[in-house]
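In this chain, numbering begins with 1 at the start of the sequence shown.
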Amino acid sequence: MDDPPFEILGEGRPPAWLVLCDHASNRVPQDVAGGDLGLPAEDMARHIAWDVGAQGVAAALAEALDAPMIATRFSRLVIDPNRGEDDPTLLMKLYDGSIIPGNRAADAAERERRLARFHRPYHAALERMIDAALAEGVAPRLLSIHSFTPQLRGRPRRPWEIGLLWDRDERLFRPLYDRLLDEPGLTVGDNEPYSGQLRGDTMFRHGTERGLEHLLIEVRNDLIEEAADQRRWGRDLARWIGEALDRRPAGA
């Protein structure tokens, strides 16, 4: 494909960790509702279109862990790669007070086209990365990096700087959560500001269903708007993860 819907960084790095960024971009390709979904630039810059700052954090984290990283190259409003194909929020028509004109008339055929053009190739590429690691005898640990807005319209301000989202597998969540509770100045969310128990999402599909250690990390986006802050958060996350795993009992 001349215009791939994902990119892979550090492809030759060891696959002990795989870093993901599902909502890395606010890009809308020209073949999707004229390249802007009918939204003004200020809406496309908001969290509704992408996870602000998340790609920079993910890249810095992957570099610090010496791990490969995969990131999307399309807006979550084109189609949300962190949703199962049958999820009703896969293709959003209204999000945090903004109507998405380019999605209002999207029918089943357009939904299928976007699945085939964007959603499925991203997940297939991630599956290939996992399969390649397993073929080398390595069970990769998955880290998915997201960001969240400090406040949704008409809702209370969110108190957390960082949230850890998980479902049934505590192997990464528990030691990292305990480590972050010791970090001065951090308010840490346990399945906040969203629940990690979303059947069919990226971590469910590639982590839970394959028995791989996995964790989704959310960072408040006003803390990572600048490139320098993204790099700092990525390096800090790598350090905190290393310290957390050092605490974990042998064999756990």
**Student:** Side-chain contact, heavy-atom cut-off 4.5 Å: L176 with I217?
**Tutor:**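 They are in side-chain contact.
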**Student:** If we ignore hydrogens and angles and just use 3.5 Å, is the side chain of Q151 paired with the main-chain N or O of R155 as donor and acceptor?
**Tutor:** yes
**Student:** Could you list the cluster mates of L152? Members are the ILVMFWY residues connected by side-chain heavy atoms closer than 4.5 Å, either directly or through other members.
**Tutor:** none
**Student:** Hey, could you give me each pair passing salt bridge (charged side-chain N to carboxylate O under 4.0 Å, His left out) that has a residue in residues 95-108? Not counting sequence neighbours.
**Tutor:** R46-D96
**Student:** As a test of understanding, state which of L143, N82, L126 forms a side-chain contact (heavy atoms from CB on, under 4.5 Å) with L20.
**Tutor:** L126
**Student:** Would you list the pairs meeting salt bridge (charged side-chain N to carboxylate O under 4.0 Å, His left out) in which at least one residue belongs to residues 196-206, sequence neighbours left out?
**Tutor:** E127-R205
**Student:** Who passes salt bridge (charged side-chain N to carboxylate O under 4.0 Å, His left out) against R232, sequence neighbours left out?
**Tutor:**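 Per chain and number, R232 pairs via salt bridge (charged side-chain N to carboxylate O under 4.0 Å, His left out) with D229, D236.
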**Student:** Would you mind checking if E7 and R73 are paired as a salt bridge, meaning a charged N to carboxylate O distance below 4.0 Å?
**Tutor:** no
**Student:** I want to check something: taking the side chain as every heavy atom from C-beta on, are D51 and N221 in contact at a cut-off of under 4.5 Å?
**Tutor:** no
**Student:** Does any N or O in the side chain of T187 come within less than 3.5 Å of the main-chain N or O of E161, such that one atom is a donor and the other an acceptor?
**Tutor:**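 Not confirmed, T187 side chain does not pair with E161 backbone.
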**Student:** Roughly how far apart are Y177 OH and L215 CG, rounded to 0.5 Å?
**Tutor:**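 Rounded to the nearest 0.5 Å, the OH-CG separation comes to 12.5 Å.
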**Student:** Show every salt bridge (charged side-chain N to carboxylate O under 4.0 Å, His left out) that has at least one partner inside residues 12-37, sequence neighbours left out.
**Tutor:** D3-R27, D31-R113, D31-R117
**Student:** With salt bridge (charged side-chain N to carboxylate O under 4.0 Å, His left out) as the rule and sequence neighbours excluded, what pairs involving residues 181-192 come up?
**Tutor:**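 Output for this query lists R179-E183, D182-R247.
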**Student:** If I compare all heavy atoms of N103 with all of L77, which pair ends up nearest, and what's the gap?
**Tutor:**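 Closest heavy-atom pair between N103 and L77: ND2-O, 2.9 Å.
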**Student:** For E112, give me all partners under salt bridge (charged side-chain N to carboxylate O under 4.0 Å, His left out), at least two apart in sequence or on another chain.
**Tutor:**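 With sequence neighbours excluded, E112 shows a salt bridge (charged side-chain N to carboxylate O under 4.0 Å, His left out) to R120, given in chain and number order.
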**Student:** Is it true that I224 and I241 fall in one hydrophobic cluster, defined by side-chain heavy atoms closer than 4.5 Å?
**Tutor:**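 Yes, I224 and I241 fall within the same hydrophobic cluster.
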**Student:** Taking R248 first and then E213, would you say they form a salt bridge - that is, a charged N and a carboxylate O separated by under 4.0 Å?
**Tutor:**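 Yes, this pair counts.
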**Student:** Using the salt bridge (charged side-chain N to carboxylate O under 4.0 Å, His left out) criterion, which residues pair with D178? Sequence neighbours excluded.
**Tutor:**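 D178 satisfies salt bridge (charged side-chain N to carboxylate O under 4.0 Å, His left out) with no residue once adjacent residues are dropped.
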**Student:** Run the side chain to side chain contact (heavy atoms under 4.5 Å, CB included) test against Q197 and tell me which residues pass, sequence neighbours left out.
**Tutor:** D167, N191, S195
**Student:** Strictly distance-based, threshold 3.5 Å: is any side-chain N or O of T208 a donor or acceptor partner for the main-chain N or O of D169?
**Tutor:** no
**Student:** Between L115 and L90, is any pair of side-chain heavy atoms under 4.5 Å apart?
**Tutor:**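 They are in contact (side-chain heavy atoms under 4.5 Å apart), so the answer is yes.
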**Student:** Starting from L94, walk the hydrophobic network (Ile, Leu, Val, Met, Phe, Trp, Tyr; side-chain heavy atoms closer than 4.5 Å) and list everyone else you reach, by chain and number.
**Tutor:**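 Members besides L94, by chain and number: I99.
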**Student:** Using a 3.5 Å distance criterion without hydrogens, assess whether the side chain of E170 forms a donor-acceptor pair with backbone atoms of R174.
**Tutor:**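 No; judged by distance alone, with no hydrogens or angles, the pair does not exist.
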**Student:** Side chains of D43 and S98: donor-acceptor distance under 3.5 Å anywhere?
**Tutor:**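 Side-chain D/A pair, D43 to S98: present.
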**Student:** Apart from F204 itself, what residues make up its hydrophobic cluster when side-chain heavy atoms of I, L, V, M, F, W and Y under 4.5 Å apart count as a link, directly or indirectly?
**Tutor:** none
**Student:** Can you tell me how far CG of L180 sits from CD of E243, rounded to the nearest 0.5 angstrom?
**Tutor:**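 Atom-to-atom, E243:CD and L180:CG are 10.0 Å apart.
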**Student:** Filter on ring-ring contact (aromatic ring centres under 6.0 Å, His included), then keep only pairs touching residues 108-146, sequence neighbours left out; what's left?
**Tutor:** H23-H146, F74-F118, H119-H123, H123-H206
